[in-house]
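What follows is a set of notes on a single structure, which appears directly below.
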Amino acid sequence: MNQFVWSRQFGEARVTVISEGGGWWPLERALEDVPADECRRWVKVNDREQIWITFNLVHVALPHASLLLDTGFGEYDPTDPAKPLVSVHDIRLTPGRDAGLASIGVAPEDITHVLVSHMHGDHIVGATRVVDGRRVPSFPNARYVVMEAEWASAPEWHQRADAINAQKEALLAANRVDLVAGEREIVAGVSFIPAPGESPGHAIVRLATGDGIVYYLGDLFHQPAEFTHLDWIPRYRDRAALIASRERLLPRFVAESAWLIPAHHDFPCIGRVEPDGQGYRWVAARG
Ligand SMILES: [Zn+2]
């Protein structure tokens, strides 16, 4: 992958999407209870019954704050077959998060807040790193903001419990964690909003700028077809909760004509949702 960093100015905010890579996700896990033929009408499937997804995180530069939305893999190597972190195969990595941040002039020390959408491996294992044999926060001056319900429930059974527990222990030891509940403004213009289902305390981020509203959606949606089929959901999620979160938030996205950034769409992920008959459809923006 050549291009892995995308930036755009929205009013006073510079929003940057950084891709850490992509890989092949087995259809049987990516879309539970959807017949393969029906999937193929909506989703590109390879001859091994897999779909391509990418791994992305977001940086928001404001005059008064420097926010990272999810930590990504960071220094963790998700391609190590001895330590599978996600059920995605043949992962191809980009130069990565820190190279992406450096390319826009952001050093780890500059980050003031890390907002964690949820504590699945691909979103949280980059929270810390090992320095001189000791695990420390990757962003030494940042507050790490997580929903209480997420912190209490993670790691869920299907994740690499050791890798996620290592993040929790090191962040707690460094006294870097702010647990929140309900919709909450984190800094002026940036709100953290519960959107459970992908995990018990999954949350999305709303950025209000002088040039429109931008949401980072984390894993509220994983691929464009889910905006049309609100009940298309990966295995091992709380289906009822995820559908309810989608139904609750989609009218808000439409009413606000918001820009949307899901974590796993094709890079650079940005687009909008439009009403379509009784439902909705995803419209990718040209990067
Ligand atoms: Zn994810």
Side-chain angles (χ1 to χ4, degrees), residues 4 17-32 43 50-59 68-74 76-79 83-94 96-97 100 114-127 144-147 149-151 153-161 163-164 167 192-205 215-227 232-239 241-242 245-246 249 260-271 282:
F4 70 105
V17 180
I18 299 172
S19 178
E20 292 187 299
W24 293 102
W25 199 13
L27 200 51
E28 60 181 17
R29 296 189 68 121
L31 288 172
E32 190 176 32
V43 182
Q50 298 167 322
I51 65 172
W52 178 258
I53 65 160
T54 68
F55 299 99
N56 305 277
L57 50 96
V58 171
H59 179 264
L68 193 65
L69 314 183
D70 282 340
T71 74
F73 299 124
Y76 193 99
D77 179 6
T79 66
K83 294 181 179 180
L85 185 74
V86 287
S87 57
V88 175
H89 306 289
D90 306 317
I91 294 175
R92 278 178 249 155
L93 296 175
T94 70
R97 178 196 69 196
V114 178
L115 274 53
V116 180
S117 70
H118 65 302
M119 296 180 70
H120 284 174
D122 49 323
H123 299 260
I124 188 64
V125 297
Y144 286 70
V145 186
V146 187
M147 285 287 169
E150 189 66 14
W151 189 267
S153 62
E156 294 180 274
W157 66 272
H158 59 92
Q159 295 294 326
R160 272 293 304 272
I164 293 165
Q167 310 305 314
F192 207 33
I193 302 172
E198 169 72 9
S199 60
H202 181 276
I204 64 173
V205 179
Y215 284 91
Y216 170 62
L217 298 184
D219 286 12
L220 184 60
F221 300 88
H222 307 80
Q223 52 173 310
E226 294 173 13
F227 281 84
W232 284 19
I233 287 171
R235 194 185 282 180
Y236 304 129
R237 272 66 171 181
D238 182 335
R239 293 181 62 83
L242 185 43
S245 289
R246 290 173 174 178
L249 290 159
L260 306 176
I261 306 175
H264 297 299
H265 277 36
D266 284 348
F267 178 81
C269 303
I270 188 147
W282 170 259

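Note that ligands are numbered from 1 as they come in the structure, with each ligand's atoms numbered from 1 the same way. Heavy atoms only: backbone and side chains are in, while hydrogens, waters and symmetry mates are out.
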* Ignoring hydrogens and angles, tell me if any N or O in the side chain of Ser117 forms a donor-acceptor pair with the backbone of Gly218 under 3.5 Å. => no

* **Test of ring centre spacing under 6.0 Å for Phe4 and Phe267** => no

* Asked: Are the side chain of Asn56 and the backbone N or O of Val17 linked by a donor-acceptor pair below 3.5 Å?
  -> no

* Is the His265-Trp282 ring centre distance short of 6.0 angstrom? -> yes

* Asked: Excluding waters, which protein N, O or S atoms are within less than 2.8 Å of the Zn ion (ligand 1)?
  -> Asp122 OD2, His123 NE2, Asp219 OD2, His264 NE2

* For residues His264 and His123, establish whether the separation of their ring centroids is below 6.0 Å. => yes

* Asked: Got a donor-acceptor contact below 3.5 angstrom from the Arg237 side chain to the Leu242 backbone?
  -> no

